[in-house]
Amino acid sequence: QGRLVESGGGLVQAGGSLRLTCAASGRTDSGYAMGWFRQASGKEREFVAVINRGGTNTYYSDSVKGRFTISRDNAKNTVYLQMNSLKPEDTAVYYCAAGALGALLASTTDNWGEGTLVTVSS
């Protein structure tokens, strides 16, 4: 019954920044870990970042560590992904996800949004 809606994607040049937003509703959203995944054309969906229920612990893939920051506002049922120093290889559809922390870290959740496209030009 839950719903996840991503926004904030767009076209940006290499080195630029974007902030993605995921608005959650319909579930006990603040009781779940939240995360971001991405899927580039011709590739499988991959893990990007996860934040725990309380917002105190974050986890990142090696490819984005130091450039991306995940955060959440439980009062607003919203999670963010601040993306800095973007590279062409970051081009992908970005998906918001919700679930148990272990499931998100293992990429086994089945609760996804429909995605927002990020295109980085060189």
Side-chain angles (χ1 to χ4, degrees):
Q1 297 186 108
R3 185 185 182 201
L4 301 169
V5 180
E6 303 94 335
S7 63
L11 175 64
V12 63
Q13 67 183 59
S17 298
L18 285 173
R19 188 181 74 164
L20 305 184
T21 298
C22 174
S25 63
R27 298 180 186 270
T28 54
D29 304 300
S30 64
Y32 288 87
M34 302 288 290
W36 290 93
F37 295 74
R38 66 187 183 186
Q39 186 171 24
S41 179
K43 301 184 67 176
E44 295 185 345
R45 191 174 302 187
E46 66 177 350
F47 167 81
V48 175
V50 162
I51 188 166
N52 73 332
R53 183 198 308 178
T56 56
N57 296 326
T58 57
Y59 310 84
Y60 300 93
S61 69
D62 289 340
S63 63
V64 308
K65 195 173 301 180
R67 299 187 298 120
F68 292 10
T69 302
I70 188 171
S71 61
R72 69 188 298 167
D73 186 338
N74 287 344
K76 298 179 180 178
N77 295 324
T78 302
V79 63
Y80 306 94
L81 184 68
Q82 178 66 46
M83 306 185 296
N84 298 327
S85 302
L86 283 162
K87 305 175 181 179
E89 50 263 46
D90 294 318
T91 295
V93 176
Y94 283 71
Y95 298 90
C96 180
L101 178 61
L104 289 180
L105 292 175
S107 301
T108 57
T109 184
D110 61 359
N111 187 9
W112 308 92
E114 294 188 354
T116 185
L117 176 63
V118 172
T119 302
V120 184
S121 62
S122 61

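Here, residue 1 is the first one in the sequence, and each next residue gets the next number.
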* Structure fact -> Between the OG atom in Ser71 and the CZ atom in Arg19, the distance rounded to the nearest 0.5 Å is 7.5 Å
* Could you tell me whether the side chain of Ile51 reaches within less than 4.5 Å of the side chain of Tyr60, counting heavy atoms only? => no
* Work out which heavy atom in Ala40 is nearest to a heavy atom in Ala92; give both atom names and the distance. => N-CB, 3.8 Å
* Do Arg67 and Lys87 touch side chain to side chain, with heavy atoms closer than 4.5 Å? -> yes
* Met83 and Leu20, any side-chain heavy atoms less than 4.5 Å apart -> yes
* Over all atoms of both residues, closest heavy-atom pair of Leu4 and Asn111 -> CD1-O, 3.6 Å
* If you round to the nearest 0.5 Å, how far is CD1 of Ile70 from CG of Asn57? -> 12.0 Å
* Is the shortest heavy-atom distance from the side chain of Leu18 to the side chain of Leu86 under 4.5 Å? -> yes
* Can you tell if the side chain of Leu81 reaches within under 4.5 Å of the side chain of Tyr94, non-hydrogen atoms only? -> yes
* Sub-4.5 Å side-chain heavy-atom contact between Asn52 and Arg72 -> no
* Could you go step by step and tell me if Trp36 and Cys22 meet the side-chain contact (heavy atoms from CB on, under 4.5 Å) rule? -> CA-CA 9 Å; Trp36 290 93; Cys22 174; 3.7 Å; yes
* Asked: Is Val120 reachable from Val48 through a run of I, L, V, M, F, W or Y residues, each pair having side-chain heavy atoms under 4.5 Å apart?
  -> yes
* Value rounded to 0.5 Å, distance of CG in Asp73 from OH in Tyr80 -> 5.5 Å
* Which value, rounded to the nearest 0.5 Å, describes the distance between Asn77 atom CG and Met34 atom CE? -> 8.5 Å
Let me check something: any side-chain donor-acceptor pairs from residues 5-17 under 3.5 Å, sequence neighbours excluded? List them with distances.
from, atom 1, to, atom 2, distance (Å)
Glu6, OE1, Glu114, N, 3.1
Glu6, OE1, Gly115, N, 2.9
Glu6, OE2, Cys96, N, 2.7
Glu6, OE2, Gly115, N, 3.3
Ser17, OG, Asn84, OD1, 2.9

* Asked: For Ala100, what residues pass the side chain to side chain contact (heavy atoms under 4.5 Å, CB included) criterion, not counting sequence neighbours?
  -> Ala103
* ILVMFWY clustering at 4.5 Å (side-chain atoms), partners of Leu117 -> Phe37, Phe47, Val50, Tyr59, Val93, Tyr95, Leu101, Leu104, Leu105, Trp112
* To do: Indicate yes or no: at least one non-hydrogen side-chain atom of Lys76 is less than 4.5 angstrom from one of Asn74.
  => no
